[in-house]
Amino acid sequence: MDFRLNEEHEALRQSVRDFAREVVAPVIAEHYEQHTFPYDIVRQMGKMGLFGLPFPEEHGGMGGDYFALCLALEELARVDSSVAITLEAAISLGAMPIYRFGTAEQKERWLPKLVAGEALAGFGLTEPGFGSDAGGTATRAVLDGDEWVINGSKAFITNSGTDITALVTVTAVTGVKPDGSKELSTIIVPSGTPGFTVAPGYSKVGWCASDTHELTFEDCRVPAENLLGERGRGFAQFLQILDEGRIAIAALAVGLAQGCVDESIRYAKERQAFGRPIGNFQAIQFKIADMELRAHTARLAYYDAAARMLAGEDFKRQAAIAKLYASESAVDNAREATQIHGGYGFMNEFPVARFWRDSKILEIGEGTSEVQRMIIARDLGL
Ligand SMILES: Cc1cc2nc3c(=O)[nH]c(=O)nc-3n(C[C@H](O)[C@H](O)[C@H](O)COP(=O)(O)OP(=O)(O)OC[C@H]3O[C@@H](n4cnc5c(N)ncnc54)[C@H](O)[C@@H]3O)c2cc1C
């Protein structure tokens with residue numbers, strides 16, 4: 001058992017860390033404040049090959065693995081979570097379903113641009129009326145000749161409305177199974193298809209420089225061949241995508257938790273109270289020690305889940321544990337980092353204020369903490 005990174009992974013981690021500090025850090029607060037999407041950062045991440053990290057070279061990827069993606073997400077989120085979630089959603093929710101389930105033609109058409117970061121794809125599962133209970137899908141797709149006709153709406157879809165969004169994959173009810181349950185399938189809807197409307201971006205508490213929209217489909221017609229994978233496999237497809245995605249979200253959460261440690265150490269050494277740096281007070285030292293404890297332990301949890309996934313072993317429970325523990329650690333660390341910064345921690349110009357606002361969604365997106373506990377309990381036979 002060896003948790004040290006190999007040379008390749010270490011070099012990747014270092015180059016993403018440098019990029020985050022030198023390119024992302026100086027400009028991201030302005031994007032956050034203005035709620036603007038960081039196109040220039042995305043373009044540069046594309047040039048670095050980050051959007052292609054876990055994909056094979058035949059599709060234009062870097063030929064790396066899912067763990068490499070997790071390392072990159074951790075280092076990005078250590079500085080900013082809007083940029084990190086843009087990459088996470090672009091790969092794990094956007095390009096991955098097409099890579100995993102798409103036909104040769106679908107891969108050929110969509111993957112090169114997605115893998116290069118020149119285009120983005122959204123993953124439309126959640127609807128205004130349901131999230132955790134994904135079986136509640138109400139969006140319908142009916143086959144009419146050689147076209148699917150889609151009606152319904154999706155809520156909170158990441159990367160679905162940027163200038164470079166090429167498509168969204170949409171889960172829809174396409175029939176009834178012999179046992180009476182809903183038949184769910186996934187369909188590719190290219191941006192600009194008539195009947196597909198993207199609402200203006202939400203006003204969000206956090207992830208303010210990322211792109212999130214409600215989508216509406218009104219008699220939206222796409223060719224029958226836009227079905228992703230097999231008809232009726234929609235449920236199994238998104239369960240697989242979400243299991244993997246949980247490891248990536250855990251890595252992102254570890255980055256935020258570690259960023260809170262970085263900023264707190266810096267501030268505790270500078271800020272004076274009662275004639276000495278606040279870092280000299282044991283109460284502050286213990287807070288930072290506990291923050292490091294959580295970040296380190298959460299990192300081991302996602303390394304373990306990723307290692308199991310790459311070894312082809314069952315990793316469902318470990319991914320849920322990693323996502324649950326890392327997201328709760330991120331929230332705890334953001335709260336403590338803000339406390340260490342005192343009144344300045346409540347000012348948006350300090351990174352910890354951004355970390356605090358960005359942390360809460362980690363306990364909600366890609367499966368809430370309650371859902372993670374349900375997965376763990378179910379896997380324990382309860
Ligand atoms: C910024 C942002 C980006 C997002 N991006 C995407 C995206 O790209 N694609 C996408 O499809 N979705 C996306 N989502 C949606 C996200 O995955 C859902 O919000 C999440 O899964 C929770 O669903 P919900 O909001 O409907 O909450 P609900 O399911 O309504 O849950 C409400 C509360 O009830 C609890 N609850 C529900 N069922 C149970 C139960 N059985 N037992 C105990 N407690 C329960 C939940 O844990 C939660 O606390 C995004 C959300 C946000 C905010």
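Counting starts at 1 for both ligands and their atoms, following the listed order.
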Throw together a table of side-chain donor-acceptor distances under 3.5 angstrom for residues 91-107, partners on residues two or more places apart or in other chains.
unit_1: Ser92; atom_1: OG; unit_2: Glu88; atom_2: OE2; d: 3.0
unit_1: Arg100; atom_1: NE; unit_2: Glu244; atom_2: OE2; d: 2.8
unit_1: Arg100; atom_1: NH2; unit_2: Glu244; atom_2: OE1; d: 3.4
unit_1: Arg100; atom_1: NH2; unit_2: Glu244; atom_2: OE2; d: 2.7
unit_1: Thr103; atom_1: OG1; unit_2: Gln106; atom_2: N; d: 3.1
unit_1: Gln106; atom_1: OE1; unit_2: Thr103; atom_2: N; d: 2.9
unit_1: Gln106; atom_1: NE2; unit_2: Glu225; atom_2: O; d: 2.9
unit_1: Gln106; atom_1: NE2; unit_2: Leu227; atom_2: O; d: 2.8
unit_1: Lys107; atom_1: NZ; unit_2: Tyr99; atom_2: O; d: 3.3

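The protein heavy-atom contact nearest to atom 52 (C) of ligand 1 is Ile361 CD1, 3.6 Å. The protein heavy atom nearest to atom 21 (O) of ligand 1 is Ile364 O, 3.9 Å. Closest to atom 36 (N) of ligand 1 among all protein heavy atoms lies Ser132 OG, 4.5 Å. Looking from atom 24 (P) of ligand 1 to the surrounding protein, the closest heavy atom is Gly131 CA, 3.8 Å. Closest to atom 46 (C) of ligand 1, if we only count protein heavy atoms, is Thr368 OG1, 3.7 Å. Ranking protein heavy atoms by distance to atom 45 (C) of ligand 1, first place goes to Glu370 CB, 4.4 Å. Ranking the protein heavy atoms by distance from atom 8 (O) of ligand 1 puts Thr158 N, 3.0 Å first.
An N or O contact shorter than 3.5 Å is missing between Trp207 and ligand 1 by distance. Geometrically, ligand 1 and Leu125 share a nitrogen or oxygen pair separated by less than 3.5 Å. Residue Asp133 has no N or O atom closer than 3.5 Å to an N or O atom of ligand 1. Looking at ligand 1, you'll find an N or O of Thr126 within less than 3.5 Å of one of its N or O atoms.
How far CD of Gln258 is from OG of Ser329: 11.0 Å, rounded to the nearest 0.5 Å. Note that CD1 of Ile157 and OG1 of Thr169 are 9.0 Å apart. Values are rounded to the nearest 0.5 Å.
Close to ligand 1: Ile157, with a non-hydrogen atom less than 4.0 angstrom away.
With salt bridges taken as basic N to acidic carboxylate O contacts below 4.0 Å, one links Asp2 and Arg4.
Within 4.0 Å of atom 5 (N) of ligand 1, at least one protein heavy atom is present. Within 4.0 Å of atom 13 (C) of ligand 1, at least one protein heavy atom is present. For atom 33 (C) of ligand 1, the nearest protein heavy atom is 4.0 Å or more away. Remark: atom 30 (O) of ligand 1 lies closer than 4.0 Å to no protein heavy atom.
The residue from Thr137, Thr171, Thr139 that alone fulfils the side-chain hydrogen bond (donor to acceptor under 3.5 Å, both in side chains) condition with Glu127 is Thr139.
Tyr344 and Phe350 have tilted rings, their planes meeting at an angle from 30° to 60° on a 0 to 90° scale.
Of all heavy-atom pairs spanning Phe130 and Leu125, the tightest one is CZ-O, 3.2 Å.
Taking each of Met374, Glu366, Gln372, Lys154 in turn, the one with a heavy atom nearest to atom 39 (C) of ligand 1 proves to be Met374. For the residues Phe156, Phe130, Phe123, the heavy atom positioned nearest atom 19 (O) of ligand 1 is part of Phe156.
Contact check for Gln339 versus Glu336: side-chain heavy atoms found under the 4.5 Å cut-off.
Within the structure, ring-ring contact (aromatic ring centres under 6.0 Å, His included) contacts touching residues 135-156 (residues at least two apart or in different chains) are Phe156-Tyr202.
Here the two rings, on Tyr303 and Phe67, have centers that are under 6.0 Å apart. Checked against the 6.0 Å centroid criterion, the rings of Phe37 and His31 do not qualify as a close aromatic pair.
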